[in-house]
Amino acid sequence: MIAWFADAGRDLPWRHPEASAWSILVSEVMLQQTPVVRVLPRWLDWMDRWPAPADLAVAPTAEVLRAWDRLGYPRRALRLQECARAIVAEHGGEVPRGEDALSALPGIGEYTAAAVTAFAHHGRAVVLDTNVRRVLARTVDGAALPPRSLTAAERRTAARVLPAEPARSVAWNQAVMELGALVCTAASPRCEECPLAGPACAWYTAGRPPAPEGSRRVQAFEGTDRQLRGKIMALLRANDTAHEKELLALDADDPLRVRRCAASLVADGLAAADGTGLRLP
DNA sequence: AAAGCGGGGGC
DNA sequence: GCCCCAGCTTT
């Protein structure tokens, strides 16, 4: 798998040796639930503008939200700025080492703390993202897909198969994640390209049995508050402000819903009240 | 453990 | 139209 990665792995800027720990942390936050191809241009622009935590810490939040653009889940942008401020205030402007210290930062959870430890600090950490979980579910458990939410059993499995030697564990984490992203994909895995196709993969050996019916249920999006919040944020990014009339026009049939979403954006710190309308914070 | 939280691209 | 994407936070 590590040999496969050396040959087939993508050349991504946050994987370059000169990438700072902060730039790697930023990439990990942007990549939370967002595909690489969509992150790439935003990350380049972001790191150009705010190369260090101290730069982002003092940036106007409205500008931060505009730079986040349409990466989705804009609360991540707020958390990232809070994270930068915490790093400046509590860690002298340097990304702290250790998963506990990292997890204590805003917007940094179990996965991101492990990923920063592995990829920025080259330490041994159990990195369990959606790709790693799927590869382990297939190779170790012979299942088409991992459980819906991360289980203790998955953590045990991952800890057991992770190489003991730190440098090798980093290479392993990088390789298995990339294998899941490029080859061992959720919908149509390319087993013919996979270095593990054969006895190394329990699922392949079992004849690639399908996942149980209805084991996945995606969140609805059309017509949800999430979608309307997104539309409101798009207005604010474009114009800085949105008048009440523009907001209500986003869902002419349900002014209550518009007000509810506007209020929730204010509560989240993503927008501020501006007369009867909204503006970026 | 489940729900809420964006947005876009692949099939 | 459905499914998925380098998850986190709150309930």
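Per chain, numbering begins at 1; letters A, B, ... match sequence-line order. Since the structure is predicted, the reported quantities are computational estimates derived from the model, not experimental observations.
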- Task: State plainly whether the residues A:Asp225 and A:Arg257 are in salt-bridge range, i.e. N to O under 4.0 Å.
- Result: yes
- Using a 4.0 Å heavy-atom cut-off across all strands, classify A:Arg229 as base, sugar-phosphate, or nothing. sugar-phosphate
- Task: Under 4.0 Å between any heavy atoms, over every strand shown, what does A:Arg15 touch: base, sugar-phosphate, or nothing? Just pick one.
- Result: base
- Query: Which is true for A:Trp68 with a 4.0 Å heavy-atom rule: it touches a base, it touches only sugar-phosphate, or it touches nothing?
  - Reply: nothing
- Message: Please classify the nucleic acid contact of A:Gly72 as base, sugar-phosphate, or nothing, using heavy-atom distances under 4.0 Å.
- Response: base
- Under 4.0 angstrom, heavy atoms only, what part of the nucleic acid is A:Leu71 near: base, sugar-phosphate, or nothing? base
- Message: How many whole angstroms separate atom CG of A:Leu270 from atom P of B:dG7?
- Response: 10 Å
- Query: Reckon A:Ala115 touches a base, only the sugar-phosphate, or nothing at all at heavy-atom distances under 4.0 Å?
  - Reply: nothing
- Please say which of A:Tyr73, A:Trp46, A:Trp50 ends up in a ring pair (Phe, Tyr, Trp, His ring centres under 6.0 Å) with A:Trp68. A:Trp46
- Message: Applying a 4.0 Å non-hydrogen cut-off, can you work out what A:Arg70 is touching in the nucleic acid: base, sugar-phosphate, or nothing?
- Response: sugar-phosphate
- Determine whether any donor atom in the side chain of A:Thr34 lies under 3.5 Å from an acceptor atom in the base of B:dG6, or the reverse, and answer yes or no. yes
- Message: Heavy atoms from C-beta onward define the side chain here; which of B:dC5, C:dC5, C:dC4 lies closest to that of A:Arg226?
- Response: B:dC5
- Query: Has the side chain of A:Arg38 got a donor or acceptor atom sitting under 3.5 Å from an opposite partner on the base of B:dG9?
  - Reply: no
- Considering only NZ, NE, NH1 and NH2 on the basic side and carboxylate oxygens on the acidic side, decide whether A:Arg229 and A:Asp268 come within less than 4.0 Å. yes
